Amino acid sequence: MERHDRSRTAFIPGVHLSKGEVPLILRTHYSGEISPDMDGSEVTLAGHVHEIRDLGGICFLVLRDREGLAQVTVLTKRADKKLVEIVRGVSRESVVLVRGKVKSEPKAPNGFEIIPEAVEVLSRADSPLPLDPTGKVGAELDTRLDARFLDLRRPASMAVFKIESAVMRSLRNTFYENGFIEVCTPKIVATATEGGTALFPISYFEREAFLNQSPQLYKQMLMATGLDRVFEIGPIFRAEEHDTRRHLNEAISVDVEVSYADHEDVMALLENAVASAYRYVSENCDRELRILGIELDVPKTPFRRITYTEALEMASESGRRSMEWGDDIDTETEHYLGSVIGEHYFLTDWPSSVKPYYTQPYDDKPEICKGFDLMHPSMELASGAQRVHDYELLVNRIREKGLNPESFEFYLKPFRYGMPPHAGWGLGLARLVQTMLRLENIRDAVLFPRDRRRLVP
RNA sequence: GUCCGGAUGGUGUAGUGGCCUAUCAUGAAGCCCUGUCGAGGCUUCGACCCGGGUUCGAAUCCCGGUCCGGGCGCCA
């Protein structure tokens, strides 16, 4: 608890130096780190003014920081006149620094309050506010996103991103524990990954280039290097004009690729990674889950496997609009399957015609392939496959999809010089968080979402 | 892209042709109040998305536009 020993001599931002070297953070404690048993100790808190309740002879200023709320209590007749003036004059959501003594007080929230010796307003907030961070009055998603910086001061909004951080941490843990290497592949590329999906064109000096829709081709090329197991958590860009609560034009994709593995191996990795993330969040994000009112059930592994053909049969037995074998599964069917199954599941053995050219067909039954989707009852979370590693087959598959192998030369080249068999998947981070926390709209799971119309903030 | 619904003070809302000089809450400004914890009391401030039309009269009905939400399509 080194922080407790830091002394403060001045209330001037940026001049607190520790032995003339590293600038100190102004606060000594987060509000969540204070407890009644610290009665009498001096602390410095910093944060936003959540509320001021002025009762006349006694005035409460509630300070909010990342870890909670702390009540600062001023007895206006006894306290320093100037201090009283500052506390009464500060606007809600202004940034303040409060130095004072912890007082154990049963009448105060959490059993303690701060008796201030000095209060400094570091930044004054304008009024009226674009939304109410205390949550007394709600705000629509659009209003919240327009003032996202302020929306995130609402504990329920911030909790989502603390949990998202925990999810990424857990995923990285899983990958490192399994011998993976984290990589970064280019986001500015010369060609589409697989055709079909629309790309954002950009101007790259004198040439046209695109924002990458997926790290697919690059992570596969890395399988030709001997890195064997790679993962990447990075942005992908899709120029589709979709307009739903589970699509965005910029998303974070969690991608893995594994050499000497097949689709079964990477499905096991995927279900383990997802279940571990749930477990990690349930064990480490107690306060955030409580704020969100979420009881987290860790999904049981292994997840159920359902083949594409079985899924079609389930849908037609239910008397729903039947699909032709070879159609992609439509949203209505997807929701039906989700409602019947009620937990995470894999959809496997897809028709080769539905999946991209790099998906490995079964040797004995080439009309189906080793591609899979990871489904949450409400939506698709991930898709993956064992990949084609044979050069001739890959070129043929590209041609069958109506694409020109010449434009994929940079990708195909490694397949001629020793490409191990490999498999992998890509998982939508925001969708994982959205489904985990039962958020209605994916925009709630992204700090600054990019959709068809929204480009700012 | 398409279908359905919507747009009222800063925020969230009530209001389906005249009773609207527009409701309530929150907020802001001011006053009172020594234990609040969505504090309370009193006073004040602040709004009908844009354009056209119907009508004696439009926040309200019609047309067009813009934006928002949801479904589908497309997609991860």
Side-chain angles (χ1 to χ4, degrees), chain A residues 50-62 69-79 84 88-89 91-93 103 105-113 125-147 150-151 154 193-199 213-216 235-255 321 328-335 354-356 371-376 379-384 425-432 434-435 440-443 451-454:
Chain A
H50 186 69
E51 251 178 325
I52 298 163
R53 282 191 283 272
D54 187 353
L55 276 64
I58 190 166
C59 182
F60 303 105
L61 181 154
V62 181
L69 302 171
Q71 174 169 289
V72 178
T73 302
V74 182
L75 294 170
T76 53
K77 283 167 190 160
R78 268 191 269 159
V84 173
R88 284 196 159 141
S91 56
R92 288 166 78 227
E93 296 306 318
K103 186 184 168 208
E105 173 54 70
K107 279 182 278 188
N110 303 318
F112 74 88
E113 61 191 9
D126 269 355
S127 165
L129 299 163
L131 55 81
D132 171 24
T134 67
K136 274 184 255 179
V137 180
E140 289 187 357
L141 181 61
D142 198 50
T143 306
R144 291 170 43 218
L145 292 176
D146 280 341
L150 201 54
D151 174 54
R154 296 168 54 245
T193 303
E194 49 197 84
T197 197
L199 292 104
Q213 70 190 74
S214 154
Q216 182 64 30
I236 57 172
F237 305 92
R238 308 274 163 110
E240 279 135 14
E241 302 201 5
H242 36 44
D243 188 10
T244 79
R245 48 187 176 149
R246 59 185 187 281
H247 288 96
L248 290 172
N249 295 293
E250 177 180 323
I252 300 300
S253 178
V254 180
D255 269 274
R321 179 159 58 94
D328 203 348
I329 292 181
D330 60 36
T331 309
E332 192 192 345
T333 307
E334 197 178 293
H335 288 162
V354 180
K355 289 289 174 188
F372 61 85
D373 285 355
L374 171 62
M375 307 297 298
H376 179 271
M379 73 185 79
E380 180 181 338
L381 295 183
S383 67
W425 42 258
L427 165 72
L429 177 67
R431 283 189 176 188
L432 178 61
Q434 182 190 359
T435 51
E440 299 221 324
N441 196 308
I442 196 165
R443 289 158 183 80
D451 63 33
R452 179 67 186 89
R453 292 201 180 76
R454 183 175 285 279

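Just so we're on the same page: letters track the sequence lines, and every chain starts at 1. Owing to the predicted nature of the structure, the values given are computational and were not obtained by experimental measurement.
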Peer 1: According to the Watson-Crick and G-U wobble definitions, with both distances under 3.5 Å, which nucleotide is paired to B:U66?
Peer 2: B:A7
Peer 1: Reckon A:Asp373 touches a base, only the sugar-phosphate, or nothing at all at heavy-atom distances under 4.0 Å?
Peer 2: nothing
Peer 1: Could you work out the separation of B:A59 and B:A7 based on their P atoms and round it to a whole Å?
Peer 2: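 The answer is 15 Å between these two P atoms.
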Peer 1: So for A:Glu140 and B:U11, does any side-chain atom that can act as donor or acceptor lie under 3.5 Å from a complementary atom in the base?
Peer 2: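 Checked by distance alone, the answer is no.
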Peer 1: Looking only at the side chain of A:Arg246 (C-beta and beyond, no hydrogens), which of the listed nucleotides B:C72, B:G69, B:A25 gets closest?
Peer 2: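 Nearest nucleotide to the side chain: B:C72.
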Peer 1: Judged by each residue's nearest nucleotide on RNA chain B, which is more toward the 5′ side, A:Arg53 or A:Arg452?
Peer 2: A:Arg452
Peer 1: Can you tell me how far the OG1 atom of A:Thr73 sits from the CG atom of A:Leu55, to the nearest 0.5 Å?
Peer 2: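 Rounded to the nearest 0.5 Å, the OG1-CG separation comes out at 10.5 Å.
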Peer 1: OP1 or OP2 of B:C72 sitting under 4.0 Å from any side-chain N/O of A:His335?
Peer 2: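 Yes, such a contact exists.
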Peer 1: Any idea which heavy atoms bring A:Thr143 and A:Pro130 closest together, and the distance?
Peer 2: CG2-O, 3.9 Å
Peer 1: From the set B:G35, B:C67, B:A76, return the single nucleotide nearest to any side-chain atom of A:Glu105.
Peer 2: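 Among the listed nucleotides, the one closest to the side chain of A:Glu105 is B:G35.
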Peer 1: What nucleotide, of B:A39, B:G27, B:G73, holds the atom closest to the side chain of A:Asp330?
Peer 2: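 Of the options given, the side chain of A:Asp330 lies nearest B:G73.
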Peer 1: For A:Ala251, report the nucleic acid contact type (base, sugar-phosphate, nothing); a contact means any heavy atom under 4.0 Å.
Peer 2: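 Base contact - A:Ala251 has a heavy atom under 4.0 Å of at least one base atom.
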Peer 1: Where the side chain of A:Ile58 is defined as all heavy atoms beyond and including C-beta, which of B:A39, B:A76, B:U34 is the nearest nucleotide?
Peer 2: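 Nearest listed nucleotide: B:U34.
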Peer 1: Counting only side-chain heavy atoms from C-beta out, which of B:C33, B:A76, B:C37 sits nearest to A:Arg238?
Peer 2: B:A76
Peer 1: Would you mind classifying the nucleic acid contact of A:Arg92 as base, sugar-phosphate or nothing, using non-hydrogen atoms under 4.0 angstrom?
Peer 2: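 Here A:Arg92 touches the backbone only, sparing every base.
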Peer 1: Does the structure show a Watson-Crick or G-U wobble partner for B:A58, both distances under 3.5 Å? Name it, or say none.
Peer 2: none
Peer 1: Going from CG on A:Leu432 to CE on A:Met379, what distance comes out if it is rounded to the nearest 0.5 angstrom?
Peer 2: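 Answer for the CG-CE pair, A:Leu432 versus A:Met379, is 10.5 Å.
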Peer 1: In this structure, how many angstroms lie between the C1' atom of B:A28 and the CD1 atom of A:Ile52, rounded?
Peer 2: 13 Å
Peer 1: With sugar-phosphate meaning primed atoms plus P, OP1 and OP2, does A:Glu51 contact a base, only sugar-phosphate, or nothing at under 4.0 Å between heavy atoms?
Peer 2: sugar-phosphate
Peer 1: Hey, does the side chain of A:Thr76 reach the backbone of A:Gly56 with a donor-acceptor pair shorter than 3.5 angstrom?
Peer 2: yes
Peer 1: Under 4.0 Å between a side-chain N/O of A:Arg245 and OP1 or OP2 of B:G71, yes or no?
Peer 2: yes
Peer 1: In whole Å, measure the gap between the P atoms of B:G46 and B:A58 for me.
Peer 2: 23 Å
Peer 1: For A:Asp142 and A:Arg454, work out which heavy atoms get closest and say how close.
Peer 2: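 Minimum heavy-atom separation between A:Asp142 and A:Arg454: OD1-NH2, 2.7 Å.
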Peer 1: Over how many whole Å does the gap from A:Leu75 atom CG to B:G35 atom P extend?
Peer 2: 11 Å
Peer 1: Describe the nucleic acid contact of A:His376 in one word from base, sugar-phosphate, nothing, applying a heavy-atom distance below 4.0 Å.
Peer 2: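 Answer is nothing: A:His376 stays at 4.0 Å or more from every strand.
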Peer 1: Using the P atom as the reference point in each nucleotide, state the distance between B:C42 and B:U26 in Å, no decimals.
Peer 2: 11 Å
Peer 1: Does B:C37 have OP1 or OP2 sitting under 4.0 Å from an N or O in the side chain of A:Asn110?
Peer 2: no
Peer 1: Check every strand shown and say whether A:Asp54 touches a base, only sugar-phosphate, or nothing at a heavy-atom separation below 4.0 Å.
Peer 2: base
Peer 1: Once you apply a heavy-atom cut-off of 4.0 Å, does A:Pro130 come out as touching a base, just sugar-phosphate, or nothing?
Peer 2: sugar-phosphate
Peer 1: With nearest nucleotide decided by heavy atoms, which residue, A:Gly138 or A:Glu250, maps closer to the 5′ end of RNA chain B?
Peer 2: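 By nearest-heavy-atom nucleotide position, the 5'-most residue is A:Gly138.
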Peer 1: Would you kindly give the CG-to-P distance between A:Asp146 and B:G69, to the nearest whole Å?
Peer 2: 10 Å
Peer 1: Which base, if any, makes a Watson-Crick or G-U wobble pair with B:C45, both distances under 3.5 Å?
Peer 2: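 B:C45 is paired with B:G27.
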Peer 1: When all nucleic acid strands are considered with a 4.0 Å heavy-atom cut-off, which category describes A:Leu248: base, sugar-phosphate, or nothing?
Peer 2: base
Peer 1: Taking all heavy atoms of A:Arg246 and all of A:Arg431, pick out the closest pair and write down the distance.
Peer 2: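 Where A:Arg246 meets A:Arg431 most closely, the heavy atoms are O-NH2, 2.8 Å.
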Peer 1: Taking only the C1' atom of each, what is the distance from B:U8 to B:C67 in whole angstrom?
Peer 2: 15 Å
Peer 1: Mind calculating the distance between CG (A:Leu199) and C1' (B:C74) to the nearest angstrom?
Peer 2: 14 Å
Peer 1: State, to 0.1 Å, how close A:Gly426 and A:Ser253 come at their nearest heavy-atom pair, and which atoms those are.
Peer 2: CA-OG, 4.3 Å
Peer 1: Using a strict threshold of under 4.0 Å (side-chain N to carboxylate O), is an ion pair present between A:Asp373 and A:Lys355?
Peer 2: yes
Peer 1: For B:C37, does either OP1 or OP2 sit under 4.0 Å from a side-chain N or O belonging to A:Lys107?
Peer 2: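 For B:C37, OP1/OP2 do not have a side-chain N/O of A:Lys107 under 4.0 Å.
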Peer 1: Would you confirm whether A:Asn110, through its side chain, and A:Phe112, through its main-chain N or O, come within 3.5 Å as a donor-acceptor pair?
Peer 2: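 No, because the side chain of A:Asn110 does not come within donor-acceptor range (under 3.5 Å) of the backbone of A:Phe112.
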Peer 1: Check whether any side-chain nitrogen or oxygen of A:Lys355 sits under 4.0 Å from OP1 or OP2 of B:A76, and answer yes or no.
Peer 2: no
Peer 1: Any donor-acceptor pair, under 3.5 Å, between the side chain of A:Glu113 and the base of B:G35, if you only look at N and O atoms?
Peer 2: yes
Peer 1: I need the CG-P distance between A:Asp132 and B:G12, as an integer number of Å.
Peer 2: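 Taking atom P of B:G12 as the reference, CG of A:Asp132 is at 11 Å.
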Peer 1: Mind checking the C1' distance from B:G10 to B:G27? Whole angstroms is fine.
Peer 2: 7 Å
Peer 1: What distance, rounded to whole Å, do you find between the two C1' atoms, one in B:G17 and one in B:C48?
Peer 2: 15 Å
Peer 1: Once you apply the 3.5 Å cut-off to both distances, tell me the Watson-Crick or G-U wobble partner of B:A22, or none.
Peer 2: none
Peer 1: Rounded to whole angstroms, how far apart are CD on A:Gln71 and P on B:C37?
Peer 2: 10 Å
Peer 1: Between B:G27, B:U36, B:G1, which nucleotide has the shortest distance from any of its atoms to the side chain of A:Glu241?
Peer 2: B:G1
Peer 1: Consider the side chain of A:Leu141, meaning its heavy atoms from C-beta on, and name the nucleotide among B:A39, B:G69, B:A76 that approaches it most closely.
Peer 2: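 Looking only at heavy atoms from C-beta outward on A:Leu141, the closest nucleotide is B:G69.
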Peer 1: Donor-acceptor check, side chain of A:Ser91 to backbone of A:Asp126, threshold 3.5 angstrom: yes or no?
Peer 2: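 Answer holds: no.
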Peer 1: A:Asp243 has an atom CG; how far is it from atom C1' of B:C3, in whole Å?
Peer 2: 12 Å
Peer 1: To the nearest Å, how far apart are A:Asp451 CG and B:C67 P?
Peer 2: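 Spelled out: CG on A:Asp451 to P on B:C67 is 12 Å.
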Peer 1: Find the partner of B:G17: check Watson-Crick (N1-N3 plus N6-O4 or O6-N4) and G-U wobble (N1-O2, O6-N3) distances, both under 3.5 Å, and reply none if neither fits.
Peer 2: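 Paired with B:G17, as far as the under-3.5 Å criterion goes, is no nucleotide at all.
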Peer 1: Given the P atoms of B:C3 and B:U13, what is the spacing between them in whole Å?
Peer 2: 26 Å
Peer 1: With respect to the side chain of A:Glu380, which nucleotide from B:A76, B:U36, B:G27 is positioned closest?
Peer 2: B:A76
Peer 1: Using purine N1 to pyrimidine N3 plus N6-O4 or O6-N4 for Watson-Crick, or N1-O2 and O6-N3 for G-U wobble, each under 3.5 Å, what pairs with B:G38?
Peer 2: none
Peer 1: What nucleotide, of B:G70, B:U36, B:A76, holds the atom closest to the side chain of A:Phe60?
Peer 2: B:U36
Peer 1: Given B:U34, is OP1 or OP2 found less than 4.0 Å from the side-chain N or O atoms of A:Thr76?
Peer 2: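 No, no such contact exists.
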Peer 1: Can you tell me which nucleotide in B:G35, B:G27, B:C72 comes closest to the side chain of A:Thr244?
Peer 2: B:C72
Peer 1: Expressed in whole Å, how much space separates the C1' atoms belonging to B:A76 and B:C62?
Peer 2: 43 Å
